J.: 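Handing you this structure, nothing more for now.
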Amino acid sequence: MSRYKNNRLLLIVGILLLVGCQDPKFSSDPFTATKVTQAALPTEMVQARVARQKVVRNALSLSQDKVILFGDTHVHSTYSLDAFQWSLPIMHGAEGAFPPADACDYARFVSQLDFYFLTDHAEGYTPRIWQDQVDSIRQCARMTDSENPDVIPFIGFEWTQAGFTADTHYGHHNVLYKDFEDGKIPTRPIAAAGPATTTMRGDQGKISKLIYLIDPINMNYYSALNDFNVELQATPNCLPDLSSKQQQAECFDTAATTEQLYKKLDEWQLDTMVIPHGTTWGFYTPPESSWKHMLTAKNFDAEKSGLIEVYSGHGASEKYVNWQYRNIDEQGNVTCPEESADYLPPCWQAGQIIKKRCQEKGGTDCDRRAEVARLAYAKDASVRAWWLVPGTDENDWLDAGQARSLLTPAFNYRPKKSVQYGYALRNFDDEDNPLRYTWGMIGSTDTHSARAGHGFKQTNRHGSSDTYGLASSVLKLILAKDKGDENASQIAELPDISEQLAKVGYSIMEIERLQSFFTTGGLAAVHAESRSRDGVWDAMKRKEVYATTGHRMLLWFDLINAQQDDKKVKMPMGSRVYMNISPTFEVKAVGSFKQLPGCPAVVFEKLPKARAEKLSLGECYYPSDERYPLDRIEIVRITPQNYADEAIDKLIENQWKVFDCKQQTTCEISFTDTDFTQDKRDVLYYAKVFEQPIPTINGANLRTQFDENNKAISINVCHGDYRTDEDDNCSAMVSQRAWSSPIFVDYQQ
């Protein structure tokens with residue numbers, strides 16, 4: 001019998017004896033709609049944001065026609081079912097529910113953003129929940145001065161697709177809308193069809209009644225989740241032969257591929273943006289997933305999908321790295337690559353685990369068993385492959401599968417889904433009009449606690465990141481999924497992946513090491529022509545945007561010698577131009593404001609005290625008059641493919657140019673690409689700005705230790721559960737960063 005089942009009844013009885021009074025944060029119905037606070041930031045505080053920028057622009061001799069606005073395009077409330085599960089009383093550091101209205105109050109008063117988009121998972125929507133989301137946005141908009149809004153709220157949803165294999169994986173996309181009035185938004189969102197959604201809408205989406213015995217005092221909170229699951233199951237599927245507009249209002253709509261998603265969005269005939277995110281995040285993305293199979297006329301809509309999320313609280317997805325998860329020869333034979341200086345393949349580590357166990361038992365065929373394990377792991381090529389080695393914990397895997405050389409990367413990094421790999425690709429099916437990705441880059445939080453824009457301070461790891469885990473060793477013993485015998489020296493027989501998903505749910509994906517990769521969230525910065533809904537939306541549509549890791553750096557990146565009507569003109573980030581002379585660029589960057597501790601007094605004056613304390617955890621955006629020094633500016637140069645299957649490695653120049661900012665708070669540089677006219681190729685350029693390093697939550701991820709031969713020997717996981725103290729931020733010194741959108745310079749004879 002597994003250790004997870006031993007003495008279970010005894011443990012339950014022990015827990016029941018410890019039951020005390022209910023914490024107020026779990027006492028109310030978590031699915032009851034809340035109201036936005038009837039208040040707004042003082043006008044002078046909002047105007048001060050613009051005034052501070054005006055001082056900077058004057059000092060840098062910049063024109064006054066645009067203002068930089070900071071926002072969050074990726075905000076979940078606990079109406080997203082994964083977010084709700086993380087809020088349960090049995091979770092370490094749980095704070096209760098954060099409904100949609102909290103996003104507005106947090107964005108206005110705590111993070112003091114200029115705009116945000118509410119984007120809960122469409123797979124967990126019912127008609128009632130969608131209406132509550134829309135109502136919260138409308139309430140938020142009514143609370144602010146239309147001429148000088150403290151925050152501009154937008155509505156959207158997340159299409160959360162995950163395929164079992166690389167060819168069936170399209171990934172997660174946020175679908176955003178400019179307006180929120182009836183007739184300008186769809187009647188319902190569109191969920192991702194597939195096994196994950198089917199499982200979530202079935203009984204697997206419910207919480208075990210065992211929890212009622214373990215924690216009877218909070219039974220109402222758990223029951224609310226199960227009641228909602230019943231409501232979700234009761235929502236009928238939309239009819240397959242009708243368009244989205246023809247469907248009855250209260251139905252559950254789905255799309256299995258991006259082709260189907262774009263088709264259904266077109267049926268609504270609304271102004272829409274579709275932004276892929278978390279693209280390299282290997283928690284759900286199968287190994288070897290690539291942008292290539294999506295870059296087709298059917299699966300890509302350049303008009304809708306003009307932006308990409310390069311950074312969030314789930315890590316960075318920018319860089320391409322050329323290491324292999326597995327080797328496949330021309331005949332399709334699979335082998336496992338050995339460990340290198342910058343990458344430990346998971347299949348290789350699977351063999352090492354089996355070999356070590358075999359040797360400890362005195363086995364005589366340990367090398368053979370290791371090879372069997374490596375081959376089985378390499379052949380699986382799905383996110384559940386780690387289950388092949390029974391009974392492992394997070395320490396057994398060391399840093400296998402991680403991008404050692406990158407700064408705060410996404411977990412289990414998938415390099416061919418990186419932004420850089422996408423930029424370098426072309427599809428030549430139509431040789432006269434080859435397809436390519438020309439995204440602008442933004443950041444976001446991907447928060448699951450409605451805390452829009454929570455990356456302003458490196459504090460409160462559980463509150464300002466998506467860290468989660470069980471609250472005690474007793475709960476882990478009872479509720480953790482049984483992964484088999486931790487002493488097994490042979491690989492396990494795994495069932496069909498759909499069957500395994502139905503059995504273990506999201507535990508099919510690796511959760512323990514994942515917790516070390518949750519950081520505070522990023523931001524989207526837009527160069528807007530006005531501080532308005534139109535200003536934000538139009539800047540995003542023309543890609544005059546940039547991403548940050550959460551700090552509000554100011555960044556301008558311009559091509560200064562574009563030709564127009566025989567005159568030189570300046571073109572901003574996000575532009576696409578045609579030239580036959582060497583392009584010259586300039587970058588101007590300013591460090592973000594250092595933060596004062598605590599919150600401005602106005603936060604507790606405008607919000608009820610209990611609400612202010614819960615949302616802020618005692619820390620708000622509170623800028624001082626001092627800015628962070630800048631360390632350097634790096635320029636990335638990428639030349640898209642000129643023919644099918646042209647090798648990607650040589651097309652990406654990560655540190656094409658590097659400029660030392662000498663720890664000044666303002667940095668101005670310029671450069672020219674003198675090779676452009678000689679190479680006669682299309683090129684894109686973007687700028688990365690690095691602030692002076694500061695202690696950063698999960699900045700070193702697994703905190704891997706290496707021996708003298710650069711072999712990983714141990715990791716120090718920052719657990720989301722009881723094993724790491726709630727007050728431990730697991731900090732390491734890391735530079736906060738900003739990424740400009742590229743300027744795309746196409747060579748024209």
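Given the structure is predicted, the values throughout are model-derived calculations rather than measurements.
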J.: For Thr520 and Ser465, which heavy atoms make the closest approach, and how far apart are they?
T.: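 So the two residues come closest at N-CB, 4.4 Å.
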J.: Using a distance-only test with no angle check, is there a side-chain donor-acceptor pair under 3.5 angstrom linking Ser530 and Ser532?
T.: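 Side-chain D/A pair, Ser530 to Ser532: present.
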J.: Say you draw a straight line from OG of Ser444 to CD1 of Ile275; how long is it, rounded to the nearest 0.5 Å?
T.: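 Spacing of OG (Ser444) from CD1 (Ile275) equals 8.5 Å.
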J.: Is the distance from the ring center of Tyr643 to that of Phe428 below 6.0 Å?
T.: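 No: the rings miss the under 6.0 Å criterion.
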J.: What do the steps show when you test Arg426 against Asp682 for salt bridge (charged side-chain N to carboxylate O under 4.0 Å, His left out), and what is the final call?
T.: CA-CA 12 Å; Arg426 268 198 173 118; Asp682 299 343; 2.5 Å; yes
J.: Ignoring hydrogens and angles, state whether a donor on the side chain of Gln736 or Ser592 is under 3.5 Å from an acceptor on the partner side chain.
T.: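 No pair is found: no donor N or O on one side chain lies under 3.5 Å from an acceptor on the other.
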J.: Charged N to carboxylate O below 4.0 Å: is that the case for Arg637 and Asp679?
T.: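 Here Arg637 pairs with Asp679 in a salt bridge, since their nearest N and O are under 4.0 Å apart.
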J.: Consider side-chain contact (heavy atoms from CB on, under 4.5 Å). Of Glu309, Met294, His173, His172, which one does Pro276 pass it with?
T.: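 The passing option is His173.
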J.: With a 4.0 Å cut-off on N to O distance, would you call Asp746 and Arg436 a salt bridge?
T.: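 Between Arg436 and Asp746 there is a salt bridge, with a charged N closer than 4.0 Å to a carboxylate O.
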J.: Is the ring pair Tyr423/Phe744 parallel, tilted or perpendicular, if the boundaries are 30 and 60 degrees?
T.: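 Tyr423 and Phe744: perpendicular rings.
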J.: After noting the C-alpha distance and the side-chain angles of Gln324 and Asn322, does the key distance pass the side-chain hydrogen bond (donor to acceptor under 3.5 Å, both in side chains) rule?
T.: CA-CA 7 Å; Gln324 303 301 318; Asn322 186 27; 3.3 Å; yes
J.: Are the aromatic ring centres of Phe117 and His74 under 6.0 angstrom apart?
T.: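 No.
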J.: Where do Tyr320 and Pro415 come nearest, in terms of heavy atoms and distance?
T.: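 So the minimum-distance heavy-atom pair works out to CD1-O, 3.4 Å.
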J.: Under a plain distance cut-off of 3.5 Å, with no hydrogens placed, do Ser340 and Asp342 share a side-chain donor-acceptor pair?
T.: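 Side-chain D/A pair, Asp342 to Ser340: present.
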J.: Answer whether the closest heavy-atom distance between the side chains of Phe456 and Gln112 falls below 4.5 Å.
T.: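 No, too far: nothing below the 4.5 Å cut-off.
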J.: According to the interplanar angle, ranging from 0 to 90°, do the rings of Phe154 and Trp537 count as parallel (below 30°), tilted (30 to 60°) or perpendicular (above 60°)?
T.: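 Rings of Phe154 and Trp537: parallel, under 30°.
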J.: What's the verdict on side-chain hydrogen bond (donor to acceptor under 3.5 Å, both in side chains) for Thr519 and Tyr311, showing C-alpha distance, side-chain angles and the deciding distance?
T.: CA-CA 10 Å; Thr519 61; Tyr311 182 88; 2.9 Å; yes
J.: Could you tell me whether Lys292 and Asp645 have a side-chain N and a carboxylate O separated by less than 4.0 Å?
T.: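 Asp645 and Lys292: salt-bridged.
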J.: Any side-chain heavy-atom pair from Asn427 and Thr296 closer than 4.5 angstrom?
T.: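 Of all side-chain heavy-atom pairs linking Thr296 with Asn427, at least one is under 4.5 Å.
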J.: Could you label the plane-to-plane angle of the Tyr437 and Trp439 rings as parallel, tilted or perpendicular, counting under 30° as parallel and over 60° as perpendicular?
T.: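 Ring orientation, 0 to 90° scale: parallel.
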J.: Atom CG of Asn698 and atom OG1 of Thr408: how far apart are they, to the nearest 0.5 Å?
T.: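 It comes to 10.0 Å.
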J.: Under a plain distance cut-off of 3.5 Å, with no hydrogens placed, do Gln420 and Tyr686 share a side-chain donor-acceptor pair?
T.: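 Present: a donor and an acceptor within the cut-off.
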J.: Could you tell me whether the side chain of Pro409 reaches within less than 4.5 Å of the side chain of Asn701, counting heavy atoms only?
T.: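 When only atoms from C-beta onward are counted, Pro409 and Asn701 do touch, with a gap below 4.5 Å.
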J.: Establish, from distance only, whether the side-chain atoms of Gln458 and Thr696 form a donor-acceptor pair under 3.5 Å.
T.: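 Looking only at side-chain atoms, Thr696 and Gln458 do not form any donor-acceptor pair under 3.5 Å.
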J.: Cut-off 3.5 Å, side chains only: do Thr258 and Asn299 have a donor facing an acceptor?
T.: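 Per modelled atom types, Thr258 and Asn299 side chains form a pair under 3.5 Å.
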J.: Would you tell me whether Gln563 and Asn580 have side-chain atoms, one donor and one acceptor, within less than 3.5 Å of each other?
T.: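 Result is no, nothing qualifies.
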J.: Is any NZ, NE, NH1 or NH2 atom of the basic residue among Glu646 and Arg681 found under 4.0 Å from an Asp or Glu carboxylate oxygen of the other?
T.: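 Yes, charged N to carboxylate O under 4.0 Å.
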J.: Is Phe557 close to Tyr546 at the side-chain level, that is, under 4.5 Å between some pair of heavy atoms?
T.: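 Side chain of Tyr546 against side chain of Phe557, heavy atoms only: no contact under 4.5 Å found.
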J.: Closer than 4.0 angstrom, basic N to acidic O: yes or no for Arg531 and Glu147?
T.: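 Between Glu147 and Arg531 there is no salt bridge, as every charged N stays at least 4.0 Å from the carboxylate O atoms.
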J.: Is there a donor in the side chain of Glu158 and an acceptor in the side chain of Thr160, or the other way round, less than 3.5 Å apart?
T.: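 Distance-only check passes for Glu158 and Thr160.
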J.: Glu634 pairs by salt bridge (charged side-chain N to carboxylate O under 4.0 Å, His left out) with which of Lys688, Lys319, Arg737?
T.: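 Single salt bridge (charged side-chain N to carboxylate O under 4.0 Å, His left out) partner of Glu634 among Lys688, Lys319, Arg737: Lys688.
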J.: Could you list the donor-acceptor pairs under 3.5 angstrom formed between side-chain atoms of residues 581-588 and any protein atom two or more places apart in sequence or on another chain?
T.:
unit_1: Ser582; atom_1: OG; unit_2: Asp673; atom_2: O; d: 3.4
unit_1: Thr584; atom_1: OG1; unit_2: Thr672; atom_2: OG1; d: 2.8
unit_1: Glu586; atom_1: OE2; unit_2: Lys570; atom_2: NZ; d: 3.0
unit_1: Lys588; atom_1: NZ; unit_2: Leu60; atom_2: O; d: 2.7

J.: Any side-chain heavy atom of Lys416 sitting closer than 4.5 Å to one from Ile648?
T.: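 The answer is no, as the side chains (C-beta and beyond) never meet within the 4.5 Å cut-off.
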J.: Looking at Lys541 and Asp534, does any basic side-chain N land under 4.0 Å from a carboxylate oxygen?
T.: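 Looking at Asp534 together with Lys541, the answer is no, because their closest N to O distance does not fall below 4.0 Å.
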